[in-house]
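Here's the structure we're looking at; comments come further down.
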Amino acid sequence: MSQTLDISHLNSSQRRAVEHYCGPLLVVAGAGSGKTRALTYRIANLVLNHRVDPENILAVTFTNKAAREMKERIEKLFADQKARSDFGKPLDALSPIEQTRLRSYVYKNITKELWIGTFHALCARILRFDIEKYQDGSGRKWTRNFSIFDESDAQSLVKEIVTQKLNLDDKKFDPKSVRYAISNAKNKSLSPQDLEKDQSNFRGRVIANVYSMYQDTLSANNALDFDDLILTPVQLLKQNEQVRAYWHKRFRHVLVDEYQDTNRTQYDLISLLVTNGENSNTFNEWEYRSVFVVGDADQSIYSFRAADFTILMGFQDDFGDRLHDDDTRTMVKLEENYRSTRNILEVANQLIDNNTERIDKVLKPTRGEGEPIFLYRADDETSEAEFVTNQIRQLEAKHPELHHGKFAILYRTNAQSRAMEDSLVKLQIPYKVVGGLRFYDRKEIKDVLGYLRAIANPFDTISLLRVINTPRRGIGKTTIDSLVKASQELSIPLWEILSDETSVKSLAGRSAKGVLQFAQIIQKWRQELDACSASEIAQGVLEDSGYVADLRNQGTDEATDRLENVQELYNAVLQFEENNDDPSLLGFLASASLASDLDNLGEEDQKVSLMTLHSSKGLEFPVVFLIGLEQGLFPNYRSMEDPAALEEERRLCYVGITRAQERLFISYARERRLYGTREPASPSLFLAELPRELLNSNVAAAIPNKWTKPISEIRRNKSESRNMPNSHANDWSVGDRLIHKAYGEGEVVRIFGAGNKICLAVKFPGLGQKIIDPKMTPIRRED
DNA sequence: ACATCACGGATTTTT
DNA sequence: TCCGTGATGT
């Protein structure tokens with residue numbers, strides 16, 4: 001294959017990123033700046049020009065979609081490269097047969113060896129190698145056929161512990177918030193013991209206790225939750241030198257996409273792999289080794305899922321040369337934007353400049369000025385929806401190339417889709433709501449996966465119970481209770497009771513026949529695990545269990561729907577087998593548990609897309625409608641008090657604006673129906689932060705000059721303190737102690753920004769870390 | 001085992 | 001307003 005990769009069409013920053021070979025590099029990649037291109041070209045460059053063995057490369061993403069795209073683009077890049085060197089012409093110029101041949105050659109020799117995937121999928125893969133070498137601090141263990149419990153499994157486990165085992169009031173210890181606390185702990189790499197140490201009050205200790213029992217149950221089920229998929233490898237790498245050395249040696253080049261979205265545990269994982277556990281900021285062994293992270297602090301919108309963009313901000317400190325932006329060799333900024341018109345970028349730049357916590361960066365236009373942004377003030381959500389749908393009608397009439405698939409309607413909360421949908425239906429405009437109910441969350445899909453999981457993992461009691469009476473086998477609640485009780489009293493897995501004829505007969509009474517029959521089916525297919533492929537097992541179980549027959553018998557529309565979904569799942573199994581070398585049931589289950597949606601097609605159907613701003617990240621549309629810019633809705637009322645949260649809302653708005661390629665419409669309503677009652681609404685403070693000269697509007701007074709009191713006060717305070725070099729306002733250092741009105745006493749652990757624009761990361765005991773703008777928050781220094 | 005009703009709660013959600 | 005949950009009745 002040719003030695004050189006053509007990168008002449010890349011800009012100089014992109015080239016710097018692509019040509020980076022060893023050592024650390026932070027790529028600050030603005031929206032639409034070609035970061036996926038930088039990532040894929042760099043991987044190609046490593047292999048082609050630096051002769052890096054593909055199996056030494058690890059590339060981590062956050063979504064399956066991103067991983068899939070990266071794989072495809074790399075494969076295409078390599079195939080094109082080979083086409084040029086073998087035939088002297090680009091891939092596209094070859095016959096379809098030649099193209100396929102080249103692609104499969106590239107797949108077999110290069111792409112297959114690359115580890116590209118989500119944190120979760122890659123960790124699951126590592127765990128299937130090494131989890132049996134792991135034991136947690138309390139001696140809990142797992143085996144390689146572990147189940148992966150999804151969020152609802154996790155929540156019902158917590159609920160059972162809180163209400164059944166601990167007999168607590170689930171009003172006081174709401175399973176949802178307890179589960180959230182556990183998840184948070186895991187995302188900070190805290191074990192139950194670690195969590196308990198931090199707790200001073202009763203509630204905290206109870207939660208730590210639930211966490212501990214929750215881990216017991218997971219282990220008893222030989223199951224992990226999503227967070228464990230990351231945390232377990234981290235702990236394993238920490239405790240086992242050989243395992244650590246193996247993976248460290250293996251992954252010489254580590255790449256991370258969307259680095260601003262990593263949480264502490266994911267960071268620990270990357271750090272352990274890269275440095276082999278040596279202190280990251282003194283790590284110096286960069287020969288034949290690199291860490292390459294790409295991200296944008298301005299697009300960090302997942303802090304509620306424990307993503308921590310201060311990790312990105314700290315990259316220079318952790319791995320880099322810590323030099324100033326102008327001199328550093330370990331950071332490069334991609335600022336040229338190829339997506340949006342100049343007006344759109346200007347609006348985005350000005351908005352985000354109101355944030356204090358960020359890495360300085362502007363999106364530089366490469367395209368023309370474009371149309372002005374249109375701001376629409378509507379009377380209520382209905383008229384807002386009418387405006388949007390009318391616009392769509394008008395635009396499609398005027399511009400034949402704008403089919404429905406080129407429009408997106410973005411909103412802060414899912415509830416906002418209703419009014420839009422009503423209006424779209426009325427005008428008969430085809431649309432799709434992106435996000436809704438996920439394929440793998442459907443009951444029938446969970447049932448089928450329940451069967452498969454129960455077969456793969458004998459300890460998975462949750463799955464056994466899910467399907468033991470689905471379809472009905474006359475096994476009632478009392479029977480199940482006594483079986484479960486017996487297993488608990490004997491401290492043996494439920495499966496051992498089910499598979500023991502004598503026990504079943506004595507416990508189950510009239511239901512014994514059904515239980516035995518069920519156990520037989522599971523047993524039968526478990527024996528075939530090694531002999532049969534995933535699809536053979538799936539088909540066999542669906543028949544033997546009577547699940548499909550039951551759906552057929554029902555004959556209702558709903559049952560037909562479900563049947564179709566089951567068929568689709570079966571297709572997914574077949575497809576999995578085609579695409580994977582190891583078509584085992586275990587492999588399929590792992591991929592299914594980690595997949596969010598099947599409909600990855602959908603590009604071709606020409607429908608208006610409706611989605612939340614969160615779901616829109618990473619996408620782009622020629623025409624974007626950003627709706628509901630009202631105080632309390634966007635920014636959301638829950639974020640208005642806390643400056644760090646408010647900044648995240650602003651980033652969310654920034655994400656929305658930067659989705660637009662050609663046209664951007666922003667709207668708000670003066671009155672909105674919320675939970676049944678009509679409420680007056682005022683325009684979002686973000687609107688006042690946009691450059692007026694770039695906005696057109698239906699009403700001259702669409703943007704008010706003055707803000708309602710609390711906001712005008714915040715803004716005044718902010719500008720005042722900017723001009724006032726007051727006493728110690730900016731004079732903070734790490735280790736300083738302070739008192740916050742609401743959070744109490746805390747300690748400064750990190751400082752962001754410089755000059756007048758600084759923010760403090762403050763650790764409050766029991767509350768964790770908060771980001772505080774000293775100019776906007778009432779705090780008192782404690783000397 | 002299933003239907004029915006009252007009640008409370010309602011950002012965002014990559015895996 | 002609307003949805004999921006849990007208690008109640010048949």
Side-chain angles (χ1 to χ4, degrees), chain A residues 60-69 117-124 148-156 159 163 170-171 174-177 179-180 183 186-187 224-231 257-258 260-263 265-266 299-307 381 410-419 422 434-438 440-441 469-480 590-597 611-619 628 630 632-640 645 648-649 651-653 655-656 672-679:
Chain A
V60 196
T61 65
F62 276 86
T63 65
N64 293 310
K65 193 173 158 220
R68 203 183 324 122
E69 273 169 18
T118 64
F119 268 105
H120 294 84
L122 295 167
C123 283
I148 298 169
F149 279 2
D150 69 18
E151 199 43 51
S152 66
D153 295 329
Q155 226 164 84
S156 41
K159 187 172 175 180
T163 60
D170 64 352
K171 293 278 182 308
D174 169 33
K176 229 188 204 142
S177 65
R179 160 72 192 137
Y180 187 72
S183 179
K186 289 185 173 182
N187 289 328
L224 299 175
D225 65 22
F226 285 144
D227 304 320
D228 289 330
L229 287 177
I230 322 287
L231 182 54
D257 191 17
E258 306 280 19
Q260 79 281 356
D261 288 339
T262 47
N263 63 39
T265 309
Q266 289 161 338
Q299 292 187 71
S300 163
I301 55 172
Y302 281 107
S303 74
F304 67 95
R305 304 228 2 163
E381 76 281 352
L410 310 181
Y411 37 76
R412 177 67 239 265
T413 67
N414 289 114
Q416 288 169 264
S417 76
R418 180 169 302 269
D422 288 346
V434 179
L437 182 63
R438 281 184 294 238
Y440 286 96
D441 283 341
N469 198 33
T470 341
R472 307 234 150 72
R473 295 185 182 84
I475 305 171
K477 196 171 181 305
T478 16
T479 311
I480 291 173
S591 91
S593 306
L594 298 174
S596 54
D597 233 326
M611 68 187 95
T612 63
L613 286 150
H614 283 92
S615 320
S616 77
K617 199 176 98 178
L619 306 175
E630 292 140 40
L633 184 61
F634 191 25
N636 190 270
Y637 68 99
R638 301 174 100 115
S639 308
M640 303 216 324
E648 179 148 319
E649 295 281 314
R651 291 194 290 270
L652 196 52
C653 188
V655 165
R672 183 173 294 269
R673 242 192 145 85
L674 211 59
Y675 309 139
T677 51
R678 307 193 78 73
E679 299 280 354

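Keep in mind the model is a prediction, meaning the values are calculated, not measured. What's counted below: heavy atoms across the whole structure, side chains too, no hydrogens, waters or symmetry copies. Just so we're on the same page: letters track the sequence lines, and every chain starts at 1.
- Atom-to-atom, CG of A:Asn263 to C1' of B:dT15 comes out at 11 Å; the value is rounded to the nearest Å.
- Here the two rings, on A:Tyr411 and A:His614, have centers that are 6.0 Å apart or farther.
- Judged by closest nucleotide on DNA chain B, A:Phe304 is the one of A:Leu229 and A:Phe304 placed further toward the 5' end.
- Atoms CG and SG, on A:Leu613 and A:Cys653 in that order, are 7.5 Å from each other to the nearest 0.5 Å.
- Residue A:Gly476 is in sugar-phosphate contact alone, with no base atom involved, counting any heavy-atom pair closer than 4.0 Å across all strands shown.
- Between A:Leu674 atom CG and C:dT1 atom C1' there is a gap of 10 Å when expressed in whole angstrom units.
- Note: CD1 (A:Ile480) to P (B:dA1) measures 8 Å, nearest angstrom.
- You cannot call A:Tyr675 stacked on the base of C:dT1; the centres under 5.5 Å and planes under 30° rule is not satisfied.
- As rounded to whole Å, 16 Å separates atom P of C:dC2 from atom CG of A:Asn414.
- Residue A:Asp227 is classed as having no contact, given no heavy-atom separation below 4.0 Å to the nucleic acid.
- Look at the P atom in both B:dT13 and C:dG4: the space between them is 16 Å, to the nearest Å.
- The shortest heavy-atom contact between A:Gly117 and A:Ala67 is CA-CB, 3.8 Å.
- Contacts of A:Lys176 with the nucleic acid, taken as non-hydrogen atoms under 4.0 Å apart, are absent.
- By the 4.0 Å N-to-carboxylate-O rule, A:Glu679 lies too far from A:Arg673 to be salt-bridged with it.
- Between the C1' atom of B:dT13 and the CE atom of A:Met611 lies a distance of 15 Å, rounded to the nearest Å.
- Side-chain contact between A:Leu594 and A:Leu229 is present, with heavy atoms from C-beta onward closer than 4.5 Å.
- Annotation: side chain of A:Gln416 is not in contact with side chain of A:Glu381 (no heavy-atom distance under 4.5 Å).
- In the set B:dT11, B:dT15, C:dG6, the nucleotide with an atom closest to the side chain of A:Ser639 is B:dT11.
- Of the candidate nucleotides B:dT13, B:dT15, B:dT12, B:dT12 has the atom nearest to the side chain of A:Thr413.
- Side-chain contact annotation: A:Asp227 with A:Ser183, donor-acceptor N/O pair under 3.5 Å present.
- Of the residues near DNA chain B, A:Gly474 and A:Lys617, the one whose nearest nucleotide (by heavy atom distance) lies more toward the 5' end is A:Gly474.
- The interatomic distance linking A:Arg412 (CZ) with B:dT13 (C1') rounds to 11 Å, in whole Å.
- Remark: A:Asp174 does not engage A:Lys159 in a salt bridge, criterion side-chain N to carboxylate O under 4.0 Å.
- The distance from atom CZ of A:Arg305 to atom P of B:dT11 is 17 Å, rounded to the nearest whole Å.
- Minimum atom distance to the side chain of A:Arg418 is reached by C:dC2, of the listed B:dT11, B:dT13, C:dC2.
- Residue side chain A:Arg673 does not reach the base of C:dT1 through any donor-acceptor N/O pair under 3.5 Å, judged by distance alone.
- Put simply, A:Arg472 has a side-chain N or O that comes within less than 4.0 Å of OP1 or OP2 on B:dC2.
- Contacts of A:Asp261 with the nucleic acid, taken as non-hydrogen atoms under 4.0 Å apart, include base atoms.
- Where pairing requires Watson-Crick or G-U contacts shorter than 3.5 Å, the helical stems of DNA chain C with at least three consecutive pairs are B:1-10 with C:1-10.
- Across all strands, A:Ser615 comes closer than 4.0 Å only to sugar-phosphate atoms, never to a base (heavy-atom distances).
- With its glycosidic angle within 90° of 0, B:dT11 is assigned syn.
- Rounded to whole Å, atom P of B:dT13 lies 17 Å from atom CZ of A:Arg179.
- Looking at heavy-atom distances under 4.0 Å, A:Phe634 makes no contact with the nucleic acid at all.
- Side-chain N/O atoms of A:Gln155 and A:Ser152 include no donor and acceptor closer than 3.5 Å.
- When heavy atoms are screened at a 4.0 angstrom cut-off, A:Gln266 is found touching no nucleic acid atom at all.
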